[in-house]
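Reminder, nothing fancy here: chain letters follow the sequence lines and each chain counts from 1.
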Amino acid sequence: MYDLNDLNPAQREAVELMEGPLLLLAGAGSGKTRVLTHRVAHMIGQGIDPWSILAITFTNKAAAEMRERITSLVRSEGKGLWVGTFHAVCMRILRMEVEKLAGYGRSFVIFDTADQMALLRAVLKELNIDEKRFAPRALLAAISNAKNKLWSVSDFELQAGDFFEKMAARVYGAYQEKLFANNAMDFDDIIMLTVRLFREYPQVLGYYQNRFRYILVDEYQDTNHAQYVLINLLAERYRNLCVVGDDDQSVYGWRGADIQNILEFERDYPEAAVLKLEQNYRSSGSILAVANAIVRHNRGRKEKALWTQKGDGERVAVHRAADDVEEARFVVDQVLGLRDELGLNYGDFAVLYRTNAQSRGLEERFVRAGAPYRVYSGVKFYERMEIKDILAYLRFIYNPTDMVSFRRVVNVPRRGIGDTSVQKVLEYVEGRGSGSGYEEGMGAGSGSGVRTHGVSGTGTGEQILFLELLASPPEDMGLQARAVKALKGFAELVQSLREAAETGGTLTGLTRMVLEESGYWEALKADGTPEGEARLENLEEFLNVTAEFDEHAAEYLEDLELDPEQNLVLLGGFLERVALVADIDAYEDGEDVVKFMTIHSAKGLEFPVVFIVGMEEGIFPSSRSVMEPALLEEERRLCYVAVTRAKERVFLLHARRRMRFGRTEPGVPSRFLEEIPARLKDEDKDKGYKSSQSSRLSRSRDRIGEGGTGSSGSEGKTVGDWRSRGTPVAPVAAGAFGSEGSGGSSGAAGALRSGGSPGAAGSMESESRGQDLPQMAYHVGDRVIHPSFGQGIVMSCRNEGGEDVVTVVFAGEIKKLIVAYARLEKV
DNA sequence: TAACGTTCTTTTTTT
DNA sequence: AAGAACGTTA
């Protein structure tokens with residue numbers, strides 16, 4: 001049971017003040033989650049029906065954590081409570097009510113960024129708009145912006161100032177029409193259309209207003225206008241709205257988040273109580289001082305004074321590395337050293353960076369050192385070709401109006417339905433389908449009018465129309481006989497899979513069926529290349545994901561109040577989950593590995609030791625922000641978030657030179673480093689762990705031929721600068737590559753890459769700089785490893801036209817490779 | 001129609 | 001450096 005005595009006075013007040021609006025300004029590490037969970041538990045303890053409580057978070061992870069912690073406080077008494085992200089909550093509402101939005105069907109699907117892109121490009125093609133002049137990405141961003149502001153197409157047209165915006169408004173209309181015809185929504189639609197539903201159907205809004213008498217919103221500083229409106233509509237009646245946030249941690253402006261929402265809460269709710277949580281329980285005094293010193297440079301923030309009872313602890317270390325390679329090496333050395341010296345676990349360390357691309361170099365170093373790590377990256381797994389393919393199959397089975405998925409799978413594996421044929425089909429459908437009826441009302445405005453749907457449509461009946469069309473393509477479609485036959489076969493395939501899905505059974509069973517009956521599996525097995533192998537492994541991994549879903553399907557559906565008997569509900573639930581659940585949600589605290597992630601992903605997490613790498617102008621702060629004060633402030637807040645993740649130790653790293661876009665560029669230390677007073681920094685002195693022992697250790701793990709990178713090595717006495725350690729030694733015995741082993745995939749769960757995966761072991765540095773090296777001789781009989789061919793043995797070496805060429809026998813194939821370019825590593 | 005080769009862009013951050 | 005996009009060839 002929850003115990004209010006565990007809370008400090010401010011926290012306790014925040015828990016006990018249940019009625020009326022409340023703004024809770026919770027600094028980093030101030031026990032915010034604790035307050036939120038206790039608050040809900042307290043409400044339930046005081047007799048408030050959990051059924052009438054809605055708690056909204058930003059990430060699925062936060063939602064899961066909150067639910068778990070509440071459950072542990074109130075046991076089973078929490079039944080009926082809604083905890084979820086904005087998107088999950090809206091989906092839940094839309095699932096029940098979407099058919100009120102004339103034209104959308106129950107089995108609508110969510111289009112992710114790649115789908116949006118594909119759809120938009122189709123639109124641009126139709127409108128004859130040149131992609132070179134109007135970058136699809138920029139157009140999508142503009143459309144997303146409009147949606148976040150709840151602008152309808154005509155709103156956007158009215159607002160549009162310059163030529164680009166006018167074009168974007170026009171594209172918005174066509175894009176939206178196409179989404180609609182596909183019975184699909186993008187991420188922004190999920191919020192926008194829920195708002196529209198509420199506005200157009202007061203009785204629906206009324207139901208939810210009455211139900212959710214108590215509303216809590218976490219990370220309020222990250223809400224955008226659409227989310228803001230949504231919340232305020234829901235809270236209008238009872239005004240029991242508790243928002244929690246920290247303006248210093250607002251880092252989603254680029255996604256439309258409006259920091260004003262939190263800054264002006266008191267204007268919106270004049271009767272609101274305002275409480276501040278200022279005691280930090282997470283970080284040492286030194287860390288807090290640095291974080292405060294940085295964020296102080298922002299204007300327009302609510303002044304607050306975070307404090308801690310903890311001692312100062314170690315000073316924050318700032319390390320200047322010679323280059324990106326050395327930066328990565330420094331991190332590994334520190335991890336290994338601190339682990340030994342302080343008895344820390346790998347799991348106590350996190351490496352944070354501004355962009356996902358920065359993980360690669362670090363990974364190489366960790367693989368080599370045999371230090372276990374895991375990359376928590378955005379979407380990687382679901383971006384893989386084969387995963388997208390199988391998902392497209394599943395989506396098309398679920399919603400046979402989804403032309404994006406149709407396009408993707410219709411000729412995969414090859415069925416002899418080429419681009420020309422597909423184009424003809426799509427044009428035929430377009431010609432019949434589109435037209436009037438849409439124009440207005442996709443925004444928040446009133447969307448009256450009947451929409452015409454040609455073939456694609458919404459009701460189950462209409463949906464099958466497209467499949468029927470494929471099953472017997474009319475003459476005037478102009479297809480070749482061969483294509484007609486192939487198309488028929490495809491239609492039958494999908495139809496039979498759809499029937500199988502309707503009959504029930506597990507998702508895993510269905511997926512296997514898709515893979516087998518489509519011939520996808522077979523084609524991939526016949527492929528025989530290492531890439532094909534990796535793809536097969538990824539599909540196996542995907543089947544693990546579906547199996548996991550199957551296992552928890554019952555409770556998942558029950559939780560969402562979905563009827564498992566209903567047709568395709570399992571498939572729909574899975575697709576929704578895949579679309580909305582990011583990989584960071586798979587974050588496991590218990591795992592004893594070093595965690596790599598972006599700072600955005602790290603928000604809400606904490607670690608004993610934090611490394612922040614790439615602290616250079618143009619990287620962090622990002623080059624796009626430096627000219628724009630508002631953006632720069634957001635970068636600074638991001639830096640604040642990064643530093644405040646740490647409990648004990650922080651290492652800030654920057655490099656004098658860095659490989660970017662394939663070339664070496666000079667690095668200028670981040671201005672954020674300058675903003676830290678000298679007395680708070682421990683600059684490039686001996687910090688953390690560093691001994692000759694560790695140097696030797698790390699050197700023995702170096703790459704082949706290291707030490708001749710061609711860079712002039714006269715840079716001062718950077719701590720840990722490998723150049724000071726003299727000339728390179730010859731490659732060492734097997735085992736130097738740690739856990740890399742045979743290079744077989746460890747099949748990281750979900751989208752997570754982890755140490756030991758073939759991809760990570762792949763690109764060795766010798767590949768990029770090998771030409772500069774005094775090339776290590778490759779002797780006949782040497783065992784070598786290649787990122788895609790795997791292990792092999794050198795059969796011959798000679799010099800052809802000035803290039804060292806080796807012949808290597810790999811498993812199953814013999815290759816002639818030019819040493820300077822081949823990504824070969826001696827084992 | 002598909003496979004291949006060359007040129008070009010890419011790096012924010014995520015639901 | 002790596003991947004996508006585009007154009008050329010079998």
Side-chain angles (χ1 to χ4, degrees), chain A residues 56-63 84-91 110-114 116-117 121 131-132 135-137 141 144 147-148 185-191 219 222-224 226-227 250-257 324 352-361 364 376-379 382-383 385 411 414-422 480 482-483 486 576-585 597-603 614 618-626 631 634-635 637-638 641-642 658-665 759 762-765 767-769 787 821 823:
Chain A
I56 298 183
T57 62
F58 252 80
T59 64
N60 293 288
K61 183 187 179 308
T85 63
F86 272 102
H87 290 85
V89 166
C90 286
M91 277 300 289
I110 300 169
F111 271 13
D112 67 17
T113 318
Q116 292 181 52
M117 191 62 89
R121 298 181 74 165
E131 286 188 17
K132 299 255 156 51
R137 282 178 56 115
S144 173
K147 290 186 178 186
N148 288 158
M185 293 184 191
D186 63 20
F187 289 125
D188 303 314
D189 280 342
I190 295 171
I191 313 292
E219 308 279 15
D222 286 331
T223 49
N224 63 36
Q227 291 163 334
S250 163
V251 292
Y252 283 98
W254 51 275
R255 217 168 77 186
D324 47 334
L352 309 183
Y353 34 77
R354 179 68 239 273
T355 66
N356 277 306
Q358 288 168 261
S359 71
R360 177 174 269 135
E364 288 179 15
Y376 294 84
S377 77
V379 275
Y382 291 106
E383 271 176 10
M385 185 174 82
N411 200 30
R414 304 255 138 78
R415 300 187 172 89
I417 308 173
D419 273 351
T420 328
S421 307
V422 174
Q480 290 181 339
R482 195 167 59 128
E576 177 184 326
R577 210 180 146 78
V578 167
L580 291 183
V581 176
D583 298 331
I584 186 68
D585 300 318
M597 64 184 85
T598 63
I599 302 168
H600 281 88
S601 296
K603 197 160 171 233
I619 295 177
F620 192 24
S622 95
S623 53
R624 316 205 170 194
S625 70
V626 289
L631 296 184
E634 180 151 313
E635 296 285 309
R637 290 192 292 269
L638 198 55
V641 168
R658 181 179 299 276
M659 274 284 254
R660 266 185 109 197
F661 300 118
R663 39 186 63 254
T664 302
E665 293 173 358
S763 40
M764 299 303 178
E765 288 132 21
E767 120 204 17
S768 57
R769 302 176 190 184
Y821 301 114
R823 299 182 274 175

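Within the 4.0 angstrom heavy-atom criterion, no nucleotide atom of any strand lies near A/Ser625. At a threshold of 4.0 angstrom between heavy atoms, the contacts of A/Tyr252 are confined to the sugar-phosphate backbone, with no base atom among them. A/Arg415 comes within 4.0 angstrom of nothing in the nucleic acid, heavy atoms only.
In this structure, the nucleotide among B/dT13, B/dT1, B/dT15 sitting nearest to the side chain of A/Arg354 is B/dT13. If you check B/dT14, C/dA2, B/dT11 against the side chain of A/Ala357, the one that comes closest is B/dT11. Closest to the A/Phe661 side chain, of the nucleotides B/dT15, B/dT11, B/dT13, is B/dT11. Listed nucleotides: B/dT14, B/dT11, B/dT1. Nearest to the side chain of A/Ser421: B/dT1.
We find that CG of A/Asn60 is positioned 8 Å from C1' of B/dT15, with the value rounded to whole Å. Distance A/Met117 CE to B/dT10 C1': 12 Å, rounded to the nearest Å. Regarding A/Met659, its CE atom lies at a distance of 12 Å from the C1' atom of C/dA2, rounded to whole Å. As a whole-Å value, the separation of A/Asp186 CG from B/dT15 C1' is 11 Å. Remark: C1' of B/dT10 and CG of A/Asn356 are 14 Å apart, rounded to the nearest angstrom. At whole-Å resolution of the value, NE2 in A/His87 and P in B/dT14 are 14 Å apart. The nearest whole Å value for the distance from the CZ atom in A/Arg660 to the C1' atom in B/dT10 is 11 Å. Straight-line distance from the CD1 atom of A/Ile190 to the P atom of B/dT14: 18 Å, rounded to whole Å.
A/Glu665 meets the side-chain hydrogen bond (donor to acceptor under 3.5 Å, both in side chains) test with no other residue; sequence neighbours excluded. Applying the side-chain contact (heavy atoms from CB on, under 4.5 Å) criterion to A/Met385, with sequence neighbours excluded, gives A/Asp389, A/Arg408, A/Arg535. The salt bridge (charged side-chain N to carboxylate O under 4.0 Å, His left out) check on A/Asp188 picks up nothing, with sequence neighbours excluded. Residues meeting the side-chain contact (heavy atoms from CB on, under 4.5 Å) test with A/Gln358, sequence neighbours left out: A/Tyr353, A/Arg354, A/Thr355, A/Val613, A/Ile619.
In the displayed structure, A/Gln480 atom CD is contacted under 6.0 Å by at most 12 heavy atoms of other residues, nucleotides or ligands.
Under the 4.5 Å side-chain criterion, counting only non-hydrogen atoms from C-beta, A/Ile190 is in contact with A/Ile110.
The 5' end of DNA chain B is approached more closely, in terms of each residue's nearest nucleotide, by A/Asn411 than by the other of A/Trp254 and A/Asn411. Along DNA chain B, the nucleotide nearest to A/Thr598 and the one nearest to A/Arg137 differ in position, and the one closer to the 5' end is contacted by A/Arg137.
Proximity of A/Ser601 to the phosphate of B/dT13: no side-chain N or O atom is located under 4.0 Å from OP1 or OP2. When the side-chain nitrogen and oxygen atoms of A/Thr59 are compared with OP1 and OP2 of B/dT14, none of them lie within a distance under 4.0 Å.
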Check nucleotides 4-10 of chain C against the protein and report each pair of N or O atoms closer than 3.5 Å, with its distance, or say if there are none.
| from | atom 1 | to | atom 2 | distance (Å) |
| --- | --- | --- | --- | --- |
| C/dA5 | OP1 | A/Arg121 | NH1 | 2.6 |

Could you write out each protein N or O paired with an N or O of nucleotides 3-7 of chain B at a distance under 3.5 Å?
| from | atom 1 | to | atom 2 | distance (Å) |
| --- | --- | --- | --- | --- |
| B/dA3 | OP1 | A/Arg414 | NH1 | 3.3 |
| B/dA3 | OP2 | A/Arg414 | NH1 | 3.0 |

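Under the 30°/60° scheme for interplanar angles, the aromatic rings of A/Tyr252 and A/Phe58 are found to lie parallel.
Taking atom C1' in both C/dA4 and B/dT13, the straight-line distance is 22 Å, to the nearest Å.
Across all their heavy atoms, A/Pro136 and A/Met117 have their closest contact at CB-SD, 3.6 Å. The two residues A/Pro621 and A/Ser625 have their closest heavy-atom pair at CB-OG, 3.6 Å.
Panel note: side chain A/Gln116, backbone A/Asp186; no donor-acceptor pair is recorded below 3.5 Å.
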